[in-house]
Amino acid sequence: MIQKPLAQIAQMAGGLNDVSKFADVEVKGVSIDTRKIEAGNLFVPFKGARTDGHKFVEDVIRNGGASAALWQKDVPNPPEDLPVIVVEDTTIALQELARSYRNSLDLKVVGITGSNGKTTTKDMTANLLSQKYKVQKTEGNFNNHLGLPLTLLRIQEDTEVAVLEMGMSSKGEIEFLTKLGRPDAVIITNIGESHLLDLGSREAIADAKLEIISGLRENGLIIFHGDEPLLQERLQDYKGNGILKTFGASWENDFYPVDIEPMENGNKFTTNLVSDTFYLPVLGNHNILNALAAMLAAEFLGVPFEKMNDGFASLKLTNMRMELSEGAHGEKIINDAYNASPTSMNAAIDLVANLSGYSRKILVLGDMLELGPLEEEYHYKVGTSLDASKVDYVFTYGKLSEAIARGAKEILGENRVFAFGDKQQLSEELKKYVTDETIVLVKASRGMALEEVVQALQK
Ligand SMILES: CC(=O)N[C@H]1[C@@H](OP(=O)(O)OP(=O)(O)OC[C@H]2O[C@@H](n3ccc(=O)[nH]c3=O)[C@H](O)[C@@H]2O)O[C@H](CO)[C@@H](O)[C@@H]1O[C@H](C)C(=O)N[C@@H](C)C(=O)N[C@H](CCC(=O)N[C@@H](CCC[C@@H](N)C(=O)O)C(=O)O)C(=O)O
Ligand SMILES: Nc1ncnc2c1ncn2[C@@H]1O[C@H](COP(=O)(O)OP(=O)(O)OP(=O)(O)O)[C@@H](O)[C@H]1O
Ligand SMILES: C[C@@H](N)C(=O)N[C@H](C)C(=O)O
């Protein structure tokens with residue numbers, strides 16, 4: 001993490017006031033929350049929805065362990081006798097501090113965006129690169145205009161590669177992030193429907209994701225989902241100095257799976273580029289595609305394919321992404337409840353529908369949020385797309401998911417589909433249907449907090 005004297009920090013962050021009497025105060029790391037402050041941190045206050053971080057500045061320096069703090073110019077009465085750097089805007093100051101620090105490092109960067117799979121692919125890519133390099137990666141979901149700068153400021157001076165997740169919910173955000181990160185390789189996992197409410201169309205989502213190329217360094221690698229027409233058509237006339245590589249299920253891609261053997265807790269697969277058989281300890285064909293993208297990035301940075309199984313072997317995905325567990329009745333549970341969009345919902349359902357070794361398959365599906373005016377139709381189509389021979393019961397939670405139930409009843413009939421407005425009631429009824437030969441998929445948008453059903457099944 002960043003470790004510099006205050007005088008340098010002030011210069012990097014665009015400080016407006018004279019801090020010379022504190023010039024030698026040592027700053028180590030940055031925090032935006034006094035509740036998570038570490039000794040020596042620079043505290044960056046923000047005016048939030050519930051409170052203003054500025055009110056914690058004096059205490060966090062005097063008693064909380066922070067070495068110094070920023071202070072936004074338009075907030076009155078900055079403490080005079082403390083190491084406080086006054087700046088125009090604390091968000092911009094944080095971002096410029098991160099930019100300056102990143103540019104001071106001898107660092108390779110992989111930038112990852114896409115509607116689904118950023119966090120998963122980030123975890124995979126970091127694991128593969130760790131076979132050769134000292135690697136740091138985005139922690140959790142810190143992928144936006146604050147999270148990415150904070151990630152950069154956590155990078156150690158001797159780190160060789162950073163894997164950065166770049167999220168967005170509107171046009172222009174990815175461009176900002178990629179120009180901050182300046183990646184050597186970028187991955188665009190897919191174009192789904194996430195944040196359709198803000199972007200308005202999948203075409204606009206594709207345009208927004210492709211902004212990631214604007215920060216790519218000279219002769220960098222552009223890895224994208226070649227089965228996605230919206231990406232293919234936008235890159236077919238690409239004239240930049242980057243190198244294009246596609247991954248996907250189709251043999252028309254540069255990199256594709258040849259044989260796939262689903263296992264109980266993962267997948268074995270071979271590819272068109274090398275004869276090795278790979279074992280990925282994660283369920284889902286979509287995760288094989290994520291792995292291919294990660295493999296292309298790692299290979300570009302010098303990790304040989306024959307080293308990649310070691311990278312996969314130690315893979316632990318960020319929680320609530322295809323997270324396997326067992327319920328109180330011996331049922332297997334797939335907690336895929338971090339978030340949901342039609343693309344990720346269908347990918348998860350396809351996975352369960354095609355799993356073998358279970359006598360009963362139950363889907364617990366909740367609302368998919370931020371889908372815009374066609375949201376009800378998206379939910380209905382999830383229901384009508386089900387295969388009655390591969391799914392036994394459907395439990396839904398939420399107002400929008402009533403449309404899933406309506407569509408599912410057309411396929412499975414009235415007696416195999418149950419709609420709920422209360423998670424506790426859903427959980428109590430669901431427990432009557434699970435056995436030790438049952439697989440349960442739990443999936444919904446973050447705002448539905450459907451992991452509470454997983455917790456109920458485990459009691
Ligand atoms: C600035 C901040 O910290 N925001 C977080 C805060 O929000 P809130 O406004 O409620 O803050 P408060 O009013 O409570 O407090 C004001 C500040 O004071 C600090 N403070 C408070 C109390 C105290 O005792 N000490 C203090 O120091 C406090 O820390 C505040 O700074 O709390 C929310 C709830 O926890 C957080 O959600 C909020 O975080 C914001 C959203 C944020 O951007 N955090 C980043 C670090 C981050 O990366 N978060 C990720 C999620 C990122 C994300 O949503 N990504 C999107 C894609 C990108 C979309 C982007 N364009 C966008 O619009 O967001 C995605 O879909 O993945 C994470 O947390 O996982
Ligand atoms: N390539 C993919 N295609 C479809 N669904 C996917 C793909 N990769 C992951 N998913 C699913 O998408 C959901 C979110 O996964 P993950 O957190 O990796 O994505 P993300 O892009 O980081 O999400 P966010 O935008 O919230 O950060 C999970 O349910 C996961 O199973
Ligand atoms: C939480 C955020 N990353 C996200 O994915 N939002 C959508 C709406 C979801 O939770 O499905």
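Note that ligands are numbered from 1 as they come in the structure, with each ligand's atoms numbered from 1 the same way.
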Counting only nitrogen or oxygen atoms and a 3.5 angstrom limit, does [X] reach ligand 2?
X      : answer
Gly117 : yes
Arg321 : yes
Asp336 : yes

Protein heavy atom at shortest distance from [atom]:
atom                    : value
atom 21 (O) of ligand 2 : Lys118 NZ, 2.8 Å
atom 10 (N) of ligand 2 : His286 CD2, 3.6 Å
atom 19 (C) of ligand 1 : Ile32 O, 3.7 Å

Logged contact type for Leu148 with ligand 1, heavy-atom cut-off 4.0 Å, is neither

At under 4.0 Å between heavy atoms, what of His195 touches ligand 1? The answer is side chain

Any idea which of [options] brings a heavy atom closest to [atom]?
atom                    : options                       : value
atom 32 (O) of ligand 1 : Arg35, Lys55, Arg50           : Arg50
atom 46 (C) of ligand 1 : Phe43, Tyr338, Phe176, Phe142 : Phe142
atom 56 (C) of ligand 1 : Asn144, Asn143, Leu94, Asn339 : Asn143
atom 50 (C) of ligand 1 : Leu146, Leu177, Asn141, Thr51 : Asn141
atom 18 (O) of ligand 2 : Thr120, Asn335, Asn116        : Thr120

Show me which atoms of ligand 2 lie under 4.0 Å from any heavy atom of [X].
X      : answer
Asn143 : 27 (O)
Tyr338 : 17 (O), 26 (O)
Asn290 : 1 (N), 7 (C), 8 (N), 9 (C)

TODO: Verify whether one side chain among Thr51 and Lys55 offers a donor that lies under 3.5 Å from an acceptor in the other.
DONE: yes

So, does [X] sit close enough to ligand 2 that a heavy atom of it is under 4.0 Å from the ligand?
X      : answer
Ser115 : yes
Glu165 : yes
Thr189 : no
Lys443 : yes
Asn339 : yes

Show the distances, to 0.1 Å, for all pairs joining an N/O atom of ligand 3 and a protein N/O atom that are shorter than 3.5 Å, listing one pair per line.
residue: ligand 3; atom: 3 (N); partner: Tyr338; partner atom: OH; Å: 3.3
residue: ligand 3; atom: 5 (O); partner: Asn339; partner atom: ND2; Å: 2.9
residue: ligand 3; atom: 10 (O); partner: Arg446; partner atom: N; Å: 2.8
residue: ligand 3; atom: 11 (O); partner: Ala340; partner atom: N; Å: 3.0
residue: ligand 3; atom: 11 (O); partner: Ala340; partner atom: O; Å: 3.1
residue: ligand 3; atom: 11 (O); partner: Ser445; partner atom: OG; Å: 2.6

Residues pairing under salt bridge (charged side-chain N to carboxylate O under 4.0 Å, His left out) where one sits in residues 391-404, two or more places apart or in two chains, turn out to be Lys399-Glu402

Contacts of Phe278 meeting ring pair (Phe, Tyr, Trp, His ring centres under 6.0 Å) (sequence neighbours excluded), chain-then-number -> Phe269

With heavy atoms and a 4.0 Å threshold, my read on which part of Asn141 contacts ligand 2 is side chain

Residues 175-188 vs side-chain hydrogen bond (donor to acceptor under 3.5 Å, both in side chains), sequence neighbours excluded, gives Asn103-Arg182, Glu175-Lys179

